[in-house]
Amino acid sequence: MSQPWDYIAKLVCIGDSGTGKSSLTIRLCEGRFSSSHDVTIGVEFGSRIVPVGPPASLDLGLGELSGDGSISRGEVTQDESATSGLPSPPRKAQEAPPQKRMKLSLWDTAGQETYKSITRSYFRGASGALLVFDISRRSTFVSCTQWLQDLRQIAEEGIVVILVGNKTDLAGREAGSNQRHVTVQEAEEWCRMNNVVRYVETSAKSGDGVEQAFLEVAERIYRNIDAGRYDLNDRRSGVKGFGASGGAHKGMPRTVTLGMDDAMKGGWTGYCC
């Protein structure tokens, strides 16, 4: 039986209460939207396997992996037959690389101050984060600065962070009136000032932009893996390869289910995955 995934990465969804973090996770993992989702108490969990690296990554528009503009070995810049006078030998078609897959271990954290001590413990060992605000509530955007500070104090250095402006359906014609209180330009400028790699807008209700947001985080994590920036045997990195220490047993992945009681115990630190 082939392996179900090549890597597993721990992601956290953070931000104020009511911004739609749970709805985004449910939309990605279950493909549905519920308008009556209960307020998250502590932390909820979901997972999804997504493609990373080429050929799937070519549709994301994030640029080539190398980025140095060099010509790959064996590539020519002009027609050999024109310079040598001889017919060009037949070229073997290059096979597409096998598609890599990453299992996203998604931890949806409560935004209420009451659960701050619990939810912050889940920042440890996360390799990626979606920092979510509600475009119709400016206060949730203002809070992003404090959320980012808390995340970077606790999480490992180099965590991939994407800012997500949710509830774009409230800014469309269908909403009856434009309820947008944060512009795209403001959010993008905030990202530049706070060294956040990307701003993405989503609607958990319609599904617009949801997969794009999670796929971008996954792809950037994969590129860090490809660049050798993670120790896949170190649980603190937030990333594991299939068969890495602690991640598989006799060729099969190991799944651990954790409840709120586990989070409250001092012996567990919320590492991946």
**Student:** Answer with yes or no whether the side chains of Glu216 and Gln212 bring together a donor and an acceptor at under 3.5 Å.
**Tutor:** yes

**Student:** What heavy-atom pair brings Arg152 and Asn194 nearest, and what distance separates the two atoms?
**Tutor:**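 Of all heavy-atom pairs spanning Arg152 and Asn194, the closest is NH1-O, 2.8 Å.
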
**Student:** If the condition is side-chain hydrogen bond (donor to acceptor under 3.5 Å, both in side chains), which residues does Asp134 pass it with, not counting sequence neighbours?
**Tutor:** Ser136, Arg137, Lys167

**Student:** Report yes or no: does Gln99 contribute a side-chain atom to a donor-acceptor pair with the main-chain N or O of Gly53 at less than 3.5 Å?
**Tutor:** yes

**Student:** Considering all heavy atoms of both residues, which atom of Thr168 and which atom of Ile135 are nearest to each other, and what is their separation?
**Tutor:** CA-CD1, 3.6 Å

**Student:** For Trp107 and Leu11: C-alpha separation, side-chain torsions, deciding distance, then whether side-chain contact (heavy atoms from CB on, under 4.5 Å) applies.
**Tutor:** CA-CA 6 Å; Trp107 297 89; Leu11 271 60; over 6 Å; no

**Student:** In Å and rounded to the nearest 0.5 Å, what is the CG to OH distance from Asp226 to Tyr7?
**Tutor:**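 Rounded to the nearest 0.5 Å, the CG-OH separation comes to 7.0 Å.
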
**Student:** Do side-chain atoms of Ser143 reach the backbone of Ser139 as a donor and acceptor pair under 3.5 angstrom?
**Tutor:** yes

**Student:** Apply side-chain hydrogen bond (donor to acceptor under 3.5 Å, both in side chains) to Thr25 and Asp108, showing your working.
**Tutor:** CA-CA 7 Å; Thr25 302; Asp108 167 29; 4.8 Å; no

**Student:** Quick one, Leu131 and Val196 - any side-chain contact, counting heavy atoms below 4.5 Å?
**Tutor:** no

**Student:** Is it the case that the side chain of Lys21 and the backbone of Gly15 share a donor-acceptor pair, with hydrogens and angles ignored and the cut-off at 3.5 Å?
**Tutor:** yes

**Student:** I'd like to know if Arg180 and Glu201 make a salt bridge, using a cut-off of under 4.0 Å between side-chain N and carboxylate O.
**Tutor:** yes

**Student:** Of all the heavy-atom pairs spanning Ala129 and Leu151, show the shortest one and how long it is.
**Tutor:** CB-CD2, 3.7 Å

**Student:** Would you please test Phe123 and Ile14 for side-chain contact (heavy atoms from CB on, under 4.5 Å) and show each step?
**Tutor:** CA-CA 9 Å; Phe123 295 174; Ile14 64 175; 3.4 Å; yes

**Student:** I'd like to check the side chain to side chain contact (heavy atoms under 4.5 Å, CB included) partners of Arg138; sequence neighbours left out, ordered by chain and number.
**Tutor:** Val142, His181, Val182, Glu186

**Student:** Asn166 and Thr202: side-chain hydrogen bond (donor to acceptor under 3.5 Å, both in side chains), yes or no, with the steps?
**Tutor:** CA-CA 5 Å; Asn166 192 34; Thr202 62; 2.9 Å; yes

**Student:** How far apart are the closest heavy atoms of Arg27 and Ser206, and which atoms are they?
**Tutor:**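 Minimum heavy-atom separation between Arg27 and Ser206: NH2-C, 3.9 Å.
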
**Student:** What's the separation between atom CZ in Phe141 and atom CG in Leu163, rounded to the nearest 0.5 Å?
**Tutor:** 6.5 Å

**Student:** Determine whether Ile26 and Phe33 satisfy the following criterion, side-chain contact (heavy atoms from CB on, under 4.5 Å), listing intermediate values before the conclusion.
**Tutor:** CA-CA 7 Å; Ile26 291 172; Phe33 173 77; over 6 Å; no

**Student:** Under a 3.5 Å distance rule, please check whether Glu156 uses its side chain to pair with a backbone N or O of Ser127 as donor and acceptor.
**Tutor:** no

**Student:** Is there side-chain contact between Gln149 and Thr145, with heavy atoms separated by less than 4.5 Å?
**Tutor:**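 Counting from C-beta outward, Gln149 and Thr145 do come under 4.5 Å.
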
**Student:** Could you check Asp6 against Tyr222 for side-chain contact (heavy atoms from CB on, under 4.5 Å), going step by step and ending with a plain yes or no?
**Tutor:** CA-CA 10 Å; Asp6 298 281; Tyr222 171 72; over 6 Å; no

**Student:** Are Glu211 and Arg48 within salt-bridge range, i.e. N to O under 4.0 Å?
**Tutor:**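 Salt bridge flag = yes for Arg48 with Glu211.
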
**Student:** What pair of heavy atoms forms the shortest contact from Tyr230 to Ile221, and how long is it?
**Tutor:** CE1-O, 3.5 Å

**Student:** Can you tell me how the ring of Phe133 sits relative to the ring of Tyr199, calling it parallel under 30°, perpendicular over 60° and tilted otherwise?
**Tutor:** parallel

**Student:** If you take all heavy atoms of Val200 and Gly209, which pair is closest and at what distance?
**Tutor:** CG1-O, 4.0 Å

**Student:** Once you round to the nearest 0.5 Å, how far does CH2 of Trp5 lie from CE of Met102?
**Tutor:** 10.5 Å

**Student:** Just how far is it from atom OG of Ser203 to atom CG of Leu170, taken to the nearest 0.5 Å?
**Tutor:** 7.5 Å

**Student:** Is there a side-chain contact between Lys103 and Ser47, using heavy atoms and a 4.5 Å cut-off?
**Tutor:** yes

**Student:** Please round to the nearest 0.5 Å and tell me the distance separating atom SG of Cys13 and atom CG of Leu28.
**Tutor:** 8.5 Å

**Student:** Got Val197 and Ile162 here, is their nearest side-chain heavy-atom distance under 4.5 Å?
**Tutor:** yes

**Student:** Quick one, Leu130 and Leu24 - any side-chain contact, counting heavy atoms below 4.5 Å?
**Tutor:** no

**Student:** To the nearest 0.5 angstrom, please state how far the CZ atom of Arg220 sits from the CZ atom of Arg223.
**Tutor:**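 That separation rounds to 7.5 Å.
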
